[in-house]
Amino acid sequence: MSKMSLTRAHLADVSLPDFGMPAGEPVLPPELYAARMDRLRAGMGERGYDHLVVWGDREHSANLSYLTGFDPRFEEAILILGRTDGPVEQPAILVGNECYGMAEAAPLPMRLVRFQDLSLPSQPRGESSPLPDILREEGIGSGSRVGVIGWKTYARRTSMEAPAFLVDELRDTVGAAGLVENATDLLIDPAEGLRVLNEVEQLAAFEWSACQTSRAVGAVLDGLRPGMTEREAAQLLAWNGAPLSCHLMLTAGPRARYGLLSPGDRPIERGDPFTIAFGIWGALNCRAGFVVDDASELPDGVQDYVDRLVAPYFETVAEWYGALHVGQVGGALQEIVDRRLGDPFFGIFINPGHQLHLDEWVNSPVFPDSTIELRSGTALQCDIIPATGTPYFTTNIEDGVALADEPLRAELAARYPDAWQRIQARRRFMTDTLGIDLHPDVLPFSNLAAHLPPFLLRTDRAMTLAA
C-alpha cells in the first residue's frame, strides 16, 4: 500500500519555492515543420488520400500552426497538401488580403495563393481566382480522395466543421466517384494523432509556456486583496503578449460559479468564491477557492470546506499524479477519480485529464474503460473539476505535465539543462513537501507544481500529504 493511500490530506504551512524562469522562449527549428509534414504525408498515404485540406481560423489555428508555424490573424486560411508523387510537392496556403504578407514569415516553405474570399467583409475581392479554379490547379478533380482537417472529430467521417463553402465545393469538385471526409484524427486522435506526441523542442517550448502562465496565476493569488476589482486583479498577471489559448477567466462572488466568465468591474469582497484560469499556447493554469484568511471567514454552512471538498480532491489529484507513467492506460486515471470523487456532491462530469498543445484541449485518452496507453512525449493537463453547485463552490488545481521515457528525458536534460533543473526542482517539491509520489517519467512544467491554497489570502498555507 502506497504512502498516499495511508495519509490524509491536510492544510499546512507550505512555502512555494522560486523555481526560476526561462531566459528566453525556445524557438522551433524550420526542419521540425518539414518533418511534421513528412509524417502527415505518411498518414495521408496510409488512408489513400490524394490531398489533405487543412482549415484554420483565428480561434482554431492549432493544427495549421503545428504544421506550418503560421496562424491566421483577422481572417482564415486553407492549407492544401498533395502527395509527394503529385504534380506539386510544396503545399499551398490560401490566405486573404491581410495574411498574405504574414504567411511569408512561416518557417515552412509554402506557395502563397491569394484567395480573397477569406478576407474581411467589403475588402477587395477582384484579384484572386474562384475556389473551383484553385482546387483544380492544385490537382483536386473528379474522383479525388480528400481528407479535411478542421479541429474536431465526430462519430461519422462525413461530419466536419470546416465551412460549407469549402466542403460543398470540394464535394462538387470530386463528384460521386471521389471522397471528401473528416481526417482531423490524423492530428488529434488521442492514441495516434501527430499532435499528441511532442518532439523535445516542443516540450521545451511548452515548459516555457507553463512558466509564464503559472507565474502569472501565482502573482494574482499573491496579490489578491479584498476591495480590488476583478479587472485590477487581472492586471497582476503582467501578461507578456504571448498568444492566448483561451479567454482569460477571472471572477469573484456570485459570477464565479459560472467559471468561464471574463473579469468585470465588481470589487472583490472578503468571503467571496474566486476562480482564475489563464492560458497561452502550450499551457494553462487554474486555481479556485475563497477570498479568506481561514475557515472562520467562510460563508455559513461551509466551514468544513477543506475536509468536505478540498482534502478528498487533493488526495485524488495526488493519486492521479502518482499513477502517471509511460504505458499507463487512460481508464486507470478515470477509475481513480470515479472511486474517490464519484459521489454526486463533487459533480465531476468532464474528462479528468486531457492532452494539451497550442490549443488548451487537444483530445483526451481519459474516459471509462479507456485502453489508450499514454506515450512518451505526451503533454497532459491535470483537469479534475468539481462542480458541486452548492455553497461549497469548487476547488481546482490545473497544471500541465509531460511524460518522457528515459531516452527523451536524457535528450531534454542535455539540450535544455535550465528547463531540466526547474523540472527536477518541481519534482522534489511535489514529492518531499507535498507527499506526491511521482514516476520518473513525469515532468512537471508548472511553477505552481500542485500547490493548492484553499484560503486565497493565505497562499503560504496549502494542501499536503506530507507529515
Side-chain angles (χ1 to χ4, degrees), residues 28 30 33-34 36-37 40 49-83 86-142 144 146-152 160-175 178 180 182-184 187 241-247 280-281 358-359:
L28 304 186
Y33 295 98
R36 290 171 174 177
M37 198 63 71
L40 182 60
Y49 296 140
D50 301 305
H51 290 82
L52 285 174
V53 174
V54 184
W55 170 263
D57 57 38
R58 187 175 61 152
E59 186 172 0
H60 307 115
S61 63
N63 287 326
L64 190 61
S65 184
Y66 166 82
L67 292 171
T68 69
F70 160 74
D71 66 290
R73 309 288 173 98
F74 293 107
E75 50 192 34
E76 302 80 44
I78 303 169
L79 181 75
I80 301 178
L81 175 68
R83 299 182 311 203
V88 182
E89 181 172 342
Q90 196 175 75
I93 185 72
L94 279 58
V95 287
N97 295 322
E98 300 205 56
C99 284
Y100 191 86
M102 177 187 174
E104 291 182 339
L108 180 79
M110 298 180 288
R111 291 176 293 111
L112 270 62
V113 178
R114 191 187 299 271
F115 179 50
Q116 291 172 302
D117 279 353
L118 298 173
S119 303
L120 296 177
S122 295
Q123 285 193 0
R125 290 287 196 274
E127 298 181 14
S128 59
S129 300
L131 184 58
D133 293 350
I134 295 174
L135 296 180
R136 283 192 290 270
E137 290 169 2
E138 294 302 316
I140 299 175
S142 179
S144 293
V146 180
V148 177
I149 295 178
W151 69 284
K152 284 185 182 180
M160 56 197 85
E161 75 290 333
F165 82 85
L166 173 61
V167 176
D168 288 349
E169 199 61 64
L170 285 168
R171 286 172 173 159
D172 287 346
T173 300
V174 306
V180 177
N182 193 322
T184 310
L187 291 182
L244 301 174
S245 61
C246 57
H247 293 294
I280 64 174
W281 286 358
L358 301 176
D359 39 2

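Just so you know, residue 1 is the first one in the sequence shown, and it goes up from there.
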What residues, two or more places apart in sequence or in another chain, satisfy ring-ring contact (aromatic ring centres under 6.0 Å, His included) together with Y49? none

Gap between atom OG1 of T173 and atom NE2 of H51 - 0.5 Å precision: 11.5 Å

Side chain to side chain donor-acceptor pair (under 3.5 Å) involving S119 - partner list, sequence neighbours excluded: N97

At their closest point, which heavy atom of A183 faces which heavy atom of G147, and how far apart are they? CB-CA, 3.8 Å

Of all the heavy-atom pairs spanning G139 and S144, show the shortest one and how long it is. O-OG, 3.8 Å

Does any part of the side chain of L187, heavy atoms only, come nearer than 4.5 Å to the side chain of L67, both counted from C-beta? yes

Sequence neighbours excluded and cut-off under 3.5 Å, please list the side-chain donor-acceptor pairs for residues 99-109, or say none.
none

Sorted by chain and residue number, the side chain to side chain contact (heavy atoms under 4.5 Å, CB included) partners of A62 (sequence neighbours excluded) come out as R195, L358, D359

Could you list the residues that satisfy salt bridge (Lys or Arg N to Asp or Glu O under 4.0 Å) with R36, not counting sequence neighbours? E199

Quick one: does V95's side chain get under 4.5 Å of F70's, heavy atoms only? yes

Does T68 reach the main-chain N or O of L64 with its side chain, forming a donor-acceptor pair under 3.5 Å? yes

Which value, rounded to the nearest 0.5 Å, describes the distance between I140 atom CD1 and L170 atom CG? 5.5 Å

Using the rule given for side chain to side chain contact (heavy atoms under 4.5 Å, CB included), can you reason through M37 versus L79, listing the C-alpha separation, both sets of side-chain angles and the distance that settles it, and then say yes or no? CA-CA 12 Å; M37 198 63 71; L79 181 75; 4.3 Å; yes

What one should report as the nearest heavy-atom pair of V148 and A162 is CG1-CB, 3.9 Å

CG-CD distance between L135 and E138, expressed to the nearest 0.5 angstrom: 8.0 Å

Once salt bridge (charged side-chain N to carboxylate O under 4.0 Å, His left out) is applied, what residue pairs with a partner in residues 161-172 remain, sequence neighbours excluded? none

Indicate the atoms forming the closest heavy-atom contact of F165 with F115, along with that distance. CE1-CE2, 3.9 Å

Just how far is it from atom CG of L94 to atom CG of L118, taken to the nearest 0.5 Å? 6.5 Å

In Å and rounded to the nearest 0.5 Å, what is the CD1 to CZ distance from I134 to R114? 11.5 Å

Mind checking side chain to side chain contact (heavy atoms under 4.5 Å, CB included) for T184 and listing every partner two or more places apart, or none if nothing turns up? N63, I149, T153, N182, I188

Taking atom types as modelled, find out whether Q123 and E98 have a side-chain donor-acceptor pair closer than 3.5 angstrom. yes

Close side-chain approach of D71 and W281, heavy atoms under 4.5 Å: yes

Throw together a table of side-chain donor-acceptor distances under 3.5 angstrom for residues 126-133, partners on residues two or more places apart or in other chains.
from: S128; atom 1: OG; to: Q116; atom 2: N; distance (Å): 3.0
from: D133; atom 1: OD1; to: R136; atom 2: NH2; distance (Å): 2.5

Pairs touching residues 50-64 that satisfy salt bridge (charged side-chain N to carboxylate O under 4.0 Å, His left out), sequence neighbours left out: D50-R83

Once ring-ring contact (aromatic ring centres under 6.0 Å, His included) is applied, do any residues pair with W151, and if so which ones, sequence neighbours excluded? H60

